[in-house]
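Positions are given from 1 along the sequence.
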Amino acid sequence: MDDERTTPIDHRRLTALGLCLTFGLAVLVAQLVRFQIFGHPEIEDWAQSQRELVRIVAPPRGQIADRNGSILAMNTFQWEISASPNLVSEPGKLADQLASLMNQDRNEIYAKLADDKVWVLLDRFAPQEVGEAVDSLNHPGLICTCRPLRTYPMDTLAAHVLGFVNQSGDGFYGIEGFYDRWLRGITGTIQIEHDPIGAILPRPPNVLRPPKPGTDLVLTLDVNMQHIVQQELEKALERYDAESGTVIVMDPKTGAILAMASIPTYSPNDFAEADLELLADPSVSKMWEPGSVFKIVTWGAGLDAGIITPKMRVYDQGEMEVGGRTIANSDRKAHGEVTMMEALAKSLNTIAAYVSTTLGKDRYYTYLRRFGFGDLTGVDLASEGPGILKLPGDSNWYPSDLGTNSFGQGIAVTPMQMIAAASAVANDGLLMKPHIVQQFITEDEDNETVEVTQFEPEIVRQAISKEAAATLTDMLVEVVETTATEAQVTGYRIAGKTGTAQIPTPLGYHAKDTIVSFVGYAPADDPQFIVLVKLDRPKTSRWADRTAAPAFREIAERVLVYMQIPPDDIRLAQQ
């Protein structure tokens with residue numbers, strides 16, 4: 001019988017193995033204790049974060065209203081409707097439903113729904129009522145996304161003033177561009193949950209930060225006056241066969257813009273289809289050499305400096321040399337001895353040059369700067385331009401500019417600059433900062449008014465003395481009563497001045513085409529409004545007294561009635 005042999009037990013190995021198992025078990029228990037007890041909140045937060053999403057919530061954009069509360073810009077919604085064809089089991093039936101709701105061709109919809117693509121677009125810009133109707137179908141294969149849409153209820157009315165908002169929610173031009181940061185508000189955030197396959201769970205979202213609505217704006221603009229201005233501008237362009245035009249109506253005492261229009265215009269509801277050249281507001285961004293309407297500034301400077309008076313007599317030879325350049329009157333005539341009042345009424349270029357050269361370059365250009373030329377007016381509209389004012393010492397300034405600038409040549413201004421400067425004369429010599437927003441209204445997320453901020457008129461500076469402004473006003477009344485008679489309004493004293501400006505070209509000034517303008521205010525003794533009319537290249541006549549002046553009269557007559565301003569004799573008798 002063979003001997004049985006046994007392997008001796010190695011107690012040291014067993015002991016080592018036991019220790020390893022015990023240590024491993026202890027580590028496992030410690031980790032379980034750490035995760036289950038001490039680390040539970042962290043693990044729970046981490047797990048929750050894997051099923052929670054944070055989404056940005058866009059705030060409602062602030063509304064824009066006129067001074068009477070008429071809404072000019074508001075918010076509606078549009079829907080993007082798309083589909084996942086692989087989730088549509090009965091494309092024919094769904095195509096029938098959608099064709100009726102979306103007013104689209106049934107076969108085209110069916111072709112998209114029966115496609116083998118993962119995703120198809122049915123309508124990117126569906127109206128609110130269509131989007132809501134399609135969304136109510138609750139079909140798993142349809143994707144309906146609601147997006148805010150900026151809407152302008154009055155379409156082209158005050159389009160340049162308002163500007164527009166693009167598909168990304170960014171404001172451009174006008175009020176929308178200038179006040180974009182205020183109008184757009186502050187975004188909020190919400191937290192939503194989804195299941196393991198990514199579907200959003202039907203639970204109320206957790207609001208982390210509510211969105212702050214945009215600021216509502218109340219404008220100085222009056223919709224009724226805006227209608228008057230646009231209607232009369234359209235008539236003037238047709239009557240005088242002009243290419244384009246601009247009209248601004250302002251309160252000269254406060255700088256508040258009451259109406260402002262330029263034609264051709266566009267619809268901010270359909271800005272993507274508009275000509276890009278039409279988007280910027282010509283009132284603040286388009287420059288022109290103003291011509292004789294600029295003599296308001298030159299005569300104002302001369303009166304304020306004391307170098308001229310209305311009855312002062314000067315001799316007009318019909319020509320005058322300044323800086324090696326010969327300056328002539330527009331009628332190419334010599335008028336002999338005239339008073340400064342007669343020279344302004346006859347709009348003599350030679351006498352305007354006499355005023356500027358007598359003042360001298362330093363004093364004359366100081367006055368131009370005091371009237372605001374060469375700088376932005378600061379009006380709260382996007383894309384404002386500063387015009388072009390060459391100053392002594394600039395490389396492109398010549399001594400002859402001192403003469404030509406006096407009657408509005410060789411200098412470029414915007415309509416806003418010109419009416420602001422003329423308003424200073426109507427306002428006792430005080431230059432006001434033009435503005436178009438009257439109130440800022442802040443609301444909370446429940447549409448409750450939180451704060452109303454009133455805009456206060458801002459004085460820029462004293463351009464000329466009160467006495468000089470009063471004298472110039474009387475002279476401008478005489479201009480309307482003697483030469484610019486087409487601007488007269490029965491029963492009212494109108495102060496104003498015409499401007500017929502030649503158009504510069506690379507080869508000199510255009511032989512026939514002109515830009516005509518008229519600036520006038522009423523009543524002359526207590527101005528309630530001032531109007532600037534500018535018409536580009538009228539064909540019926542190249543002169544402002546036959547085009548811009550009567551266009552002013554048509555507007556002024558309607559504005560006087562609308563503002564319920566009695567004729568001068570009745571008003572003064574009441575006072």
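Residues Asp525 and Arg571 are paired through a salt bridge, judged by an N-O separation under 4.0 Å between the basic side chain and the carboxylate. A salt bridge links Asp536 with Lys286; the closest basic N to acidic carboxylate O contact falls under 4.0 Å. Electrostatic pairing of Arg493 and Asp526 does not count as a salt bridge here, judged by no charged N lying under 4.0 Å from a carboxylate O. Classification of Asp513 and Arg542 as a salt-bridged pair fails, no side-chain N sitting under 4.0 Å from a carboxylate O. Salt-bridge check for Glu232 with Arg558: passed, with a basic side-chain N closer than 4.0 Å to an acidic carboxylate O.
For the residue pair Tyr364 / Asn405, no side-chain donor-acceptor distance below 3.5 Å is found, with atom types taken as modelled. When only modelled atom types and interatomic distance are considered, Asp545 and Thr498 share no side-chain donor-acceptor pair under 3.5 Å. Between Thr540 and Asp241, the side chains place no donor N or O within less than 3.5 Å of an acceptor N or O (distance only, hydrogens not considered). Glu289 and Gln409 form no side-chain donor-acceptor contact under 3.5 Å, judged by distance and modelled atom types alone. Inspection of the Thr483 and Lys346 side chains reveals no N or O donor paired with an N or O acceptor under 3.5 Å. Counted by atom type alone, Glu557 and Tyr562 present zero donor-acceptor pairs between their side chains at under 3.5 Å. Using a 3.5 Å distance cut-off with no hydrogens or angles, the side chains of Tyr521 and Thr473 do pair a donor with an acceptor.
Counting only distance, with no hydrogens or angles, the side chain of Arg184 and the backbone of Asp180 share no donor-acceptor pair below 3.5 Å. Using a distance-only test at 3.5 Å, with no hydrogens or angles considered, a donor-acceptor pair links the side chain of Thr500 to the main chain of Ala544. For Thr514 (side chain) and Val516 (main-chain N/O), no donor-acceptor pair under 3.5 Å exists by modelled atom type. A donor-acceptor contact shorter than 3.5 Å is absent between the side chain of Glu486 and the backbone of Thr547. In this structure, Asp380 contributes its side chain and Ile436 its backbone to a donor-acceptor pair below 3.5 Å. The backbone N or O of Arg370 sits less than 3.5 Å from a side-chain atom of Arg461, completing a donor-acceptor pair. Glu384 places a side-chain N or O within donor-acceptor distance of the main-chain N or O of Thr377, the cut-off being under 3.5 Å. Without hydrogens or angle criteria, Gln226 side chain to Met260 main chain gives a donor-acceptor distance under 3.5 Å. A donor-acceptor distance shorter than 3.5 angstrom exists from the side chain of Thr220 to the backbone of Ile257, with no hydrogens or angles considered. Under a 3.5 Å cut-off, the side chain of Thr254 and the backbone N or O of Ala256 do form a donor-acceptor pair.
Open room surrounds NZ on Lys333; 12 or fewer heavy atoms of other groups in view lie less than 6.0 Å from it. More than 12 heavy atoms of other residues, nucleotides or ligands lie within 6.0 Å of CG in Leu376, so this atom counts as buried by the packing criterion. With a 6.0 Å radius and a threshold of 12 heavy atoms from other residues, nucleotides or ligands, Gln317 has its CD atom at or below the threshold. Around CD of Gln454, the count of heavy atoms belonging to other residues, nucleotides or ligands within 6.0 Å exceeds 12.
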Q. Step by step, would you call Ser262 with Asp281 a side-chain contact (heavy atoms from CB on, under 4.5 Å)?
A. CA-CA 7 Å; Ser262 293; Asp281 186 355; 4.0 Å; yes
Q | Candidate pair Thr298 and Lys295, rule side chain to side chain donor-acceptor pair (under 3.5 Å), full reasoning | A | CA-CA 5 Å; Thr298 299; Lys295 288 169 184 168; over 6 Å; no
Q: Could you walk me through whether Tyr179 and Phe440 pass the ring-ring contact (aromatic ring centres under 6.0 Å, His included) test, one step at a time?
A: CA-CA 11 Å; Tyr179 286 104; Phe440 303 85; 5.7 Å; yes
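Going from atom CG of Asp568 over to atom CD of Gln575 covers 9.5 Å, rounded to the nearest 0.5 Å. In this structure, NZ on Lys390 lies 10.0 Å from OG on Ser395, to the nearest 0.5 angstrom.
Asn68 is listed as a side-chain neighbour of Asp222, based on a closest heavy-atom distance under 4.5 Å. Inter-residue side-chain proximity for Val379 and Val284 is flagged as met; some heavy-atom pair is nearer than 4.5 Å. Annotation: side chain of Ile64 is in contact with side chain of Leu219 (closest heavy-atom distance under 4.5 Å). Residues Ile327 and Glu319 form no side-chain contact, since every pair of their non-hydrogen atoms from C-beta on lies 4.5 Å or further apart. Here the side chains of Arg61 and Met74 are not in contact, with every heavy-atom distance at 4.5 Å or above. Between Val533 and Val531, some side-chain heavy-atom pair lies under the 4.5 Å cut-off. Under the 4.5 Å side-chain criterion, counting only non-hydrogen atoms from C-beta, Gln417 is not in contact with Met287. Looking at heavy atoms from C-beta onward, Asp401 lies in side-chain contact with Tyr365 at the 4.5 angstrom threshold.
Taking the six-membered ring for Trp and thresholds of 30 and 60 degrees, Phe164 and Tyr266 have ring planes more than 60 degrees apart, a perpendicular arrangement.
Every residue was checked against the salt bridge (Lys or Arg N to Asp or Glu O under 4.0 Å) condition with Arg546, not counting sequence neighbours, and none meets it.
Aromatic ring centres of Phe373 and Tyr367: separated by at least 6.0 Å. If you look at His435 and Phe455, their ring centroids are closer than 6.0 Å.
The ring-ring contact (aromatic ring centres under 6.0 Å, His included) pairs that include a residue from residues 301-354 number zero, where partners must be two or more places apart or lie in different chains.
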